[in-house]
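Written below as structure tokens is the structure these notes are about.
Hydrogens, waters and symmetry mates are skipped; everything else that's a heavy atom, side chains included, is used. Everything numeric here is computed off the predicted structure, so don't read it as measured data.
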Amino acid sequence: MHNKIAIVTGGATMIGEGVVAALVAEGCKVVIADIDTTKGPQVEARHAGSRFIRTDVSDDASIAACIKDTVAAFGGINYLVNCAASYVDNGAASTRAEWNTTLNVNLIGAAMMLQAATPEMQKRGGGAVVNFASISAFAAQTGRWLYPISKAAIVQFTRNAALDLAPQNIRVNAVSPGWTWSSVIEGMAGGDKAKADGVAADFHMLGRLGMPAEVANVVSFLLSDKASFVTGATYACDGGYQALGPEARTAAIGRLMS
């Protein structure tokens, strides 16, 4: 991956920065594409070989500028990581505007970034893409509609894009994280990671939430040539969340004999 060029949308978030760090460690040049003009430059300062480019994935002109500036700065594009996300979600009470906001960022923004980056990947003989899905794509979660539905759509988008871009030697995969120590969870837990781990323990076989670097390692693998025969897949990085099932850690059959 040495000297390959990657764009990471949402790169100023905790998980996004984890991806930036992993790719820089592999020798990549990385663009931090994010709307956060405070955290973005801070992430750039922490990771030599990265560059912050303010990017709003819900705006086509901003996407086009990101692609243009990336090519001008580094010479091309090999990898795209679609990590930017909106967490606006009021479940059944969500308004049309809230639906539009979430889908525009979580789904359409990813599609438009890929559409814009594809010609530059083709110039380099192909490339690789990792979209961010979620455990929320695979299970009903009370009070949440927008985020889970957008992430379920990402899974199908990944399959379709992988099929249509295979002739251009562009692989498209997704990563599906479980609960991960992120800006959102840190905020809800009041900065108390032990508390967050304690709650997550009931839903993850490994008894804790994940760390950004652990998710980033899977992203790095999927982009790399080590995953050269992997495309159209959604990789779980969830501490066993999806495999655990509704019985969790307790044998439900025992309730029949109690």
Close side-chain approach of Glu120 to Val71, heavy-atom, < 4.5 Å: yes
Salt-bridged, Arg46 to Glu17, with N to O below 4.0 Å? yes
To the nearest 0.5 Å, what is the distance between NE2 (His204) and CG (Asp197)? 9.5 Å
Gap between atom CD of Glu26 and atom CG of Asn3 - 0.5 Å precision: 12.5 Å
Please check: side-chain N/O of Arg171 versus main-chain N/O of Leu222, any donor-acceptor pairing under 3.5 Å? yes
Closest non-hydrogen atom pair between Ala233 and Thr158, with its separation: O-CG2, 4.0 Å
With a 4.5 Å cut-off on side-chain heavy atoms, are Ile53 and Ile32 touching? no
Please answer: with hydrophobic residues joined when any side-chain heavy atoms are less than 4.5 Å apart, are Ile154 and Val88 in the same cluster? no
Presence of salt bridge, Glu44 and Lys39, under 4.0 angstrom: no
Carefully, step by step, assess Gln242 and Ser176 under the rule side chain to side chain donor-acceptor pair (under 3.5 Å). CA-CA 10 Å; Gln242 291 179 59; Ser176 179; 3.2 Å; yes
Is there a donor-acceptor pair under 3.5 Å between the side chain of Ser62 and the backbone N or O of Asp56? yes
Under 3.5 Å, side chain of Thr95 to main-chain N/O of Glu98, donor-acceptor pair present? yes
Across all chains, not counting sequence neighbours, the side chain to side chain donor-acceptor pair (under 3.5 Å) partners of Asn100 are none
Indicate, with yes or no, if Val218 and Val230 share a hydrophobic cluster defined by side-chain heavy-atom contacts under 4.5 Å among Ile, Leu, Val, Met, Phe, Trp and Tyr. yes
Please confirm whether the backbone N or O of Tyr147 pairs with a side-chain atom of Asp89, one donor and one acceptor, at under 3.5 Å? yes
Leu223 and Leu23, any side-chain heavy atoms less than 4.5 Å apart: yes
Proximity of Trp179 and Tyr241 rings by center, below 6.0 Å: no
Would you say Trp99 and Leu146 make side-chain contact, with heavy atoms under 4.5 Å? yes
Under 3.5 Å, is there a donor-acceptor pair between the side chain of Thr102 and the main chain of Ser86? no
Any side-chain to backbone donor/acceptor pair from Arg54 onto Gly40? Under 3.5 Å, distance only. no
Does any N or O in the side chain of Asp34 come within less than 3.5 Å of the main-chain N or O of Ala12, such that one atom is a donor and the other an acceptor? yes
Atom CZ of Arg96: over 12 foreign heavy atoms under 6.0 Å: no
Evaluate the side-chain proximity of Ile15 to Trp181: yes if any heavy-atom separation is below 4.5 Å, no if none is. no
Just by distance, do the side chain of Arg144 and the backbone of Ser136 share a donor-acceptor pair under 3.5 Å? no
Sole residue of Thr55, Ile67, Val81 in side chain to side chain contact (heavy atoms under 4.5 Å, CB included) with Ile7: Ile67
Are Val215 and Val175 packed together at the side-chain level, in the sense that at least one heavy-atom pair is separated by less than 4.5 angstrom? yes
Quick check: is Met14 connected to Tyr87 through a chain of hydrophobic side chains (ILVMFWY, heavy atoms under 4.5 Å apart)? yes
Is Val130 reachable from Val105 through a run of hydrophobic residues whose side-chain heavy atoms are each under 4.5 Å from the next? no
Between Phe74 and the options Asp69, Val30, Ile5, the side chain to side chain contact (heavy atoms under 4.5 Å, CB included) test singles out Ile5
Rounded to the nearest 0.5 Å, how far does OG1 of Thr180 lie from CD of Glu214? 8.5 Å
Give a yes or no on whether Leu256 atom CG has more than 12 heavy-atom contacts from other residues, nucleotides or ligands under 6.0 Å away. yes
Sequence neighbours excluded, every pair satisfying side chain to side chain donor-acceptor pair (under 3.5 Å) that has a member inside residues 220-237: none
In the structure I gave you, are the side-chain heavy atoms of Val57 and Ile35 within less than 4.5 Å of one another anywhere? no
Taking the side chain from Asn78 and the backbone from Gly127, do they hold a donor-acceptor pair closer than 3.5 Å? no
Asn173 side chain vs Gly232 backbone, donor-acceptor pair below 3.5 Å: yes
Please examine the side chains of Val31 and Ser50, heavy atoms only from C-beta on, and report whether any two atoms are closer than 4.5 Å. no
